[in-house]
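Protein chains get the first letters and strands the later ones, always in sequence-line order, with residue 1 at the start of each.
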Amino acid sequence: MNFAAPKGTRDILPPETAAWQYAEQCFADICARFGYKEIRIPTFEQTELFQRGVGDTTDVVQKEMYTFLDKGKRSMTLRPEGTAGVVRSYLENGMASWPSPVRLYYNLTAFRYENVQKGRYREFHQFGCEAIGAAGPAVDAELISLLQLYFQTLGLKETSLRINSIGCPVCRGTYLKILRDYLQPHLADLCANCRERFEKNPMRIIDCKESRCQEITQEAPSQLEYLCPDCRTHFDGLRGQLESLGLAYAVDPRIVRGLDYYTRTVFEFVSGFVGAQGTICGGGRYDGLIEDIGGPATPGIGFALGVERLLMELAAQNIELPGTQPMSLYLAVSGDHQDEAGVLCWKLRQAGIAVETDLMNRSLKAQMKYAGKSGARYALVLGDDEAASGAGRLRDLQNGEEKPVRLSELAAELTQTTTR
RNA sequence: GUGGGAUUAGCUCAGUUGGAUAGAGUGCCAGAUUGUGGCUCUGGAAGUCGUGGGUUCGAGUCCCAUAUCCCACCCCA
């Protein structure tokens with residue numbers, strides 16, 4: 001074998017593709033129930049969109065983007081996430097004039113040049129939603145409830161929702177100052193990473209897994225204590241909404257999303273099964289993003305759901321998604337009747353029946369073996385007798401029972417028996 | 001960018017202190033008296049032992065490099 005799928009990418013093969021189709025279809029159905037319409041956006045965008053949208057200082061932009069010059073010497077980047085592209089499209093297509101809020105969902109691949117590990121790929125799949133134009137906490141609760149319903153519908157037994165508020169630019173500024181003041185005396189005791197974070201993004205220190213850093217941050221002031229009145233009202237409003245919807249959640253001040261655009265509400269659905277990459281789904285409010293990329297100040301909120309991680313979680317919880325529908329009929333051919341078999345298959349398929357037949361001139365026995373392995377519900381042999389009489393025996397492969405059937409009535413017969 | 005483990009048939013894996021044509025299970029294909037699957041039996045195809053160097057009379061086995069996979073740090077979905 002000379003070629004292999006590039007590092008961090010993988011082939012998704014049958015029967016796994018059937019589970020993907022189911023997960024996708026189910027997500028589309030739930031989104032429709034909440035009024036979210038599908039949007040499809042380009043796989044790559046101008047690099048600057050992500051620099052301004054996702055944020056120049058983030059790891060994602062600084063070291064994980066697939067960036068290249070096109071033949072016109074324009075810097076392009078394979079999307080590392082979906083929100084920036086959706087918001088660009090919102091502005092470019094004047095969706096501000098659509099009935100508000102604009103509710104969109106997507107199913108896309110994203111690309112990040114990272115070291116691969118469990119639940120983390122360089123090309124990965126995200127389902128996501130964006131609700132643009134509504135400022136109050138009701139949208140936040142709507143999106144979270146959408147996710148909850150999706151997980152519930154798939155059959156996920158345990159979901160762990162964590163929420164936090166990281167404030168707005170105003171109260172975050174004052175909070176960061178207070179946090180720095182608190183950490184300053186302990187600066188020498190922090191790990192090397194955290195000493196760097198101190199200037200760049202001190203909030204991430206709270207998220208550090210080093211035990212020494214955790215001890216220090218144990219007593220650190222929390223953003224939640226320093227929310228401005230508006231952010232406080234918003235957060236309390238969300239909590240009230242979640243409670244009245246009966247959605248269990250935990251407030252986790254350690255949730256600090258790594259993308260610059262997040263404001264106020266941030267949330268995660270976390271799993272214990274996916275390894276170190278426990279976040280199946282992450283999202284939050286981005287009230288400054290649209291302005292950041294050149295539009296009018298417009299509130300928005302969204303989430304992205306890691307499809308690979310979701311499917312891993314389902315597997316870990318022993319939840320099987322429906323697989324490929326097997327054929328309803330295998331048409332075996334005996335003797336020189338391939339042409340008649342082909343014609344019969346064609347008629348059956350036009351009538352909506354899933355049917356396979358031999359294409360390799362195999363022995364009848366080999367064909368029956370194949371039919372058994374294929375999971376087909378029924379088999380029927382087309383040979384000299386059937387070709388002459390126009391009638392055959394329909395064999396139920398689950399119990400071996402056979403019953404006579406006229407070939408001309410096969411479609412009706414199969415439609416009846418398989419839908420019953 | 002850093003660290004640990006791995007890489008032998010399509011898949012899961014054996015392979016002794018370095019020794020002759022590299023094995024098993026499973027899967028695939030074919031057959032077990034001429035028109036019927038699952039069980040059983042028989043046979044067959046299928047490997048540049050990740051790749052490139054080195055040590056040696058001799059390397060799947062030892063050494064170096066490199067790629068890829070898995071896991072973790074970091075970060076995120």
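The stacking criteria are not both satisfied for Tyr370(A) over the base of G37(B), which would need a centre-to-centre distance under 5.5 angstrom and an angle between ring planes under 30 degrees.
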Report all interatomic pairs (protein N or O, nucleotide N or O of nucleotides 26-28 of chain B) with separations under 3.5 Å.
residue: C28(B); atom: OP1; partner: Lys373(A); partner atom: NZ; Å: 3.3

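Which of G31(B), U2(B), U36(B) sits closest to the side chain of Asn115(A) comes down to U2(B). Proximity note for Glu114(A) (side chain, C-beta onward) versus A77(B), G35(B), C70(B): the nearest is A77(B). The listed nucleotides are C75(B), U2(B), C71(B); the one nearest the side chain of Lys118(A) is C71(B). Out of G35(B), C74(B), G37(B), the shortest distance to the side chain of Val381(A) is found at G35(B). Here the nucleotide nearest the side chain of Lys369(A), chosen from A77(B), C74(B), G38(B), is G38(B). Here the nucleotide nearest the side chain of Arg309(A), chosen from A77(B), U36(B), G38(B), is A77(B).
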> Going through the checks in order, is the side chain to side chain donor-acceptor pair (under 3.5 Å) test met by Tyr370(A) and Glu356(A)?
Replying inline: CA-CA 10 Å; Tyr370(A) 177 89; Glu356(A) 271 189 68; 2.7 Å; yes
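Between the NZ atom of Lys7(A) and the C1' atom of A67(B) there is a distance of 8 Å, rounded to whole Å. Rounded to an integer number of Å, the gap from Asp358(A) CG to C29(B) C1' is 14 Å. Put simply, CG on Leu364(A) is 5 Å from C1' on G35(B), counting in whole angstrom units. With rounding to whole Å, Met312(A) atom CE is found 12 Å from A77(B) atom C1'. Residue Leu13(A) contributes atom CG, which lies 15 Å from atom P of G10(B) at whole-angstrom precision. Phe50(A) has its CZ atom 14 Å from the P atom of A77(B), to the nearest Å. Counting to the nearest Å, the P atom of G38(B) and the CE atom of Met368(A) are 9 Å from each other. Rounded to whole Å, the distance from CG on Leu380(A) to C1' on G35(B) is 12 Å.
If you check every strand for non-hydrogen atoms under 4.0 Å, Gly128(A) touches nothing. Across all strands, Ala371(A) comes closer than 4.0 Å to no nucleic acid atom at all (heavy-atom distances). Here Gly375(A) lies out of heavy-atom contact (under 4.0 Å) with every strand. Residue Gly335(A) is classed as having no contact, given no heavy-atom separation below 4.0 Å to the nucleic acid. At the heavy-atom level, Phe127(A) lies nowhere under 4.0 Å from the strands shown. The residue Leu310(A) sits apart from the nucleic acid: no heavy atom pair falls under 4.0 Å. Nucleic acid contact class of Glu386(A) (heavy atoms, under 4.0 Å, all strands): base.
Here the closest non-hydrogen pair linking Pro326(A) and Ala376(A) is CB-N, 4.5 Å. In plain terms, the two heavy atoms of Arg349(A) and Thr357(A) that are nearest each other are NH2-N, 4.5 Å. Among all heavy-atom pairs drawn from Ala411(A) and Ile353(A), the shortest one is O-CD1, 3.7 Å. The two residues Gly288(A) and Thr263(A) make their nearest non-hydrogen contact at N-CG2, 4.4 Å. Taking each heavy atom of Leu407(A) and Gly392(A) in turn, the nearest pair found is CD2-N, 4.3 Å. Pairing each heavy atom of Gly82(A) with each of Leu108(A), the nearest pair is CA-CD2, 4.0 Å.
Comparing Lys63(A) and Val307(A) by the nucleotide of RNA chain B that holds the closest heavy atom to each, the one mapping nearer the 5' end is Lys63(A). Heavy-atom distances to RNA chain B give each of Phe124(A) and Asn399(A) a nearest nucleotide, and the one nearer the 5′ end belongs to Asn399(A).
Rounded to whole Å, the P atom of U12(B) lies 39 Å from the corresponding atom of U34(B). Comparing the C1' positions of G38(B) and G15(B) gives a spacing of 35 Å, expressed to the nearest Å. Straight-line distance between the C1' atoms of G1(B) and C74(B): roughly 9 Å, to the nearest whole Å. For the P atom pair drawn from G19(B) and C62(B), the interatomic distance equals 11 Å after rounding to whole Å. Taking atom P on both G47(B) and A24(B), the two are 15 Å apart, rounded to the nearest angstrom. Between the P atoms of U16(B) and G52(B), the separation comes to 23 Å (whole Å). Across the P atoms, G25(B) and U66(B) are found 39 Å apart, a figure rounded to whole Å. The gap from the P atom of U21(B) to that of C49(B) amounts to 13 Å, rounded to the nearest Å.
Aromatic pair Tyr105(A)/Phe27(A): centroids less than 6.0 angstrom apart.
Between the side chain of Arg120(A) and the base of C71(B) there is no donor-acceptor pair of N/O atoms closer than 3.5 Å.
When each of Arg88(A), Arg52(A), Arg74(A) is paired with Glu45(A), the salt bridge (Lys or Arg N to Asp or Glu O under 4.0 Å) condition holds for Arg88(A) and for no other. Evaluated for a side-chain hydrogen bond (donor to acceptor under 3.5 Å, both in side chains) with Ser271(A), the options Glu313(A), Arg309(A), Glu158(A) yield exactly one hit, Glu313(A).
Contact check, Gln117(A) against C73(B): a side-chain N or O comes under 4.0 Å of OP1 or OP2. When the side-chain nitrogen and oxygen atoms of Ser363(A) are compared with OP1 and OP2 of G31(B), one or more of them lie within a distance under 4.0 Å. Dashed line: the shortest gap from a side-chain N or O of Lys365(A) to OP1 or OP2 of U36(B) is not under 4.0 Å.
With contacts defined as side-chain heavy-atom distances shorter than 4.5 Å, the pair Leu414(A)/Tyr378(A) qualifies.
Both tests do not hold together for Arg162(A) against Phe269(A): distance to the six-membered ring centre under 6.0 Å, angle to the ring axis within 45°.
When only modelled atom types and interatomic distance are considered, Thr58(A) and Asp260(A) share no side-chain donor-acceptor pair under 3.5 Å.
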>> Pairs counted only when both distances fall under 3.5 Å, Watson-Crick or G-U: show me the 5' to 3' dot-bracket for RNA chain B, [ ] for pseudoknotted crossings and | for other-strand partners.
In response: (((((((..((((.....[...)))).(((((.......))))).....(((((..]....))))))))))))....
